[in-house]
Structure formats: C-alpha cells, structure tokens
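Keep in mind the model is a prediction, meaning the values are calculated, not measured. Note: hydrogens, waters and symmetry copies are ignored here, and every other heavy atom, side chains too, is used.
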Amino acid sequence: MAIAGMIVLAVGGAGMFLFMPMGPGERAVGRVDGISLVESDVGTRLKARVTVGTTRGLVSIPAGAMCAAGDRIDLVKRKTRLNVRYTLGIGGCTRPGRQ
C-alpha cells in the first residue's frame, strides 16, 4: 500500500512539474470558434474553442460569460515545460467592431 501511495505521489509530482507555468503570463488575443460543454468527474464546464494565431485550444469560461463564435477573446498565455497554456484574460469576449 505504501509503495502504491509513493507511485501516485511521484506521478502527480511529475505532472505538476511538467505543466506548472514557468514565469509570468503575457497577454494574448484570440478568436472564439465556438462554445462547448465539457463533462468531467467534477461536473460540466463551459469551454470556448479558440484560435490564437495558428494554435487552437479550449479555454474555460465562466457560465455568465457572453462569448459567441466570432468574438475576440482576451487571454493570458503561460509557458509550461511541455507546451503553452491559455486562460481567460480580464477583458473576456467582445464582438468584432466593439471595444
């Protein structure tokens, strides 16, 4: 039992090491391609499918967010040891042509 616990801790620690942000985030701007509901063990979450340059991904958004396909979305870009991770920025979503 103790060995299994140590293995779980080692795998979890390695995951945190690989996916933890390295340094401060920087502002990025993307485009919302669509909105999806994603099911997980902790419930259903609202995700925006976004494009930033040539990169596509999912960004968690709050239930009250007024985001729609075609909107501009403010993001925070954070580098990790394996990839880049985006989160919703302070500006949220805005319609094209509106500030």
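- P62 is listed as a side-chain neighbour of L88, based on a closest heavy-atom distance under 4.5 Å.
- Here the side chains of L75 and T87 are not in contact, with every heavy-atom distance at 4.5 Å or above.
- Looking at every heavy atom in both residues, V76 comes nearest to G25 through CG1-CA, 3.9 Å.
- The CD1 atom of I35 sits 10.0 Å away from atom CG of L58, with the distance rounded to the nearest 0.5 Å.
- Taken together through direct or relayed side-chain contacts under 4.5 Å among Ile, Leu, Val, Met, Phe, Trp and Tyr, V29 and I73 form parts of separate hydrophobic clusters.
- In the hydrophobic clustering of ILVMFWY residues, with side-chain heavy atoms under 4.5 Å counting as a link, V32 and I90 come out apart.
- Here the closest non-hydrogen pair linking K77 and V84 is CG-CG1, 3.4 Å.
- The structure places SG of C67 at 11.5 Å from CZ of R72, a figure rounded to the nearest 0.5 Å.
- Once rounded to the nearest 0.5 Å, the distance linking CD1 of I61 with SG of C93 reads 6.0 Å.
- The shortest distance between side-chain heavy atoms of V50 and Y86 does not fall below 4.5 Å.
- For the salt bridge (charged side-chain N to carboxylate O under 4.0 Å, His left out) condition, no pair includes a residue of residues 38-63, sequence neighbours left out.
- Residues in residues 26-38 take part in these salt bridge (charged side-chain N to carboxylate O under 4.0 Å, His left out) pairs, two or more places apart or across chains: R27-D74, R31-D33.
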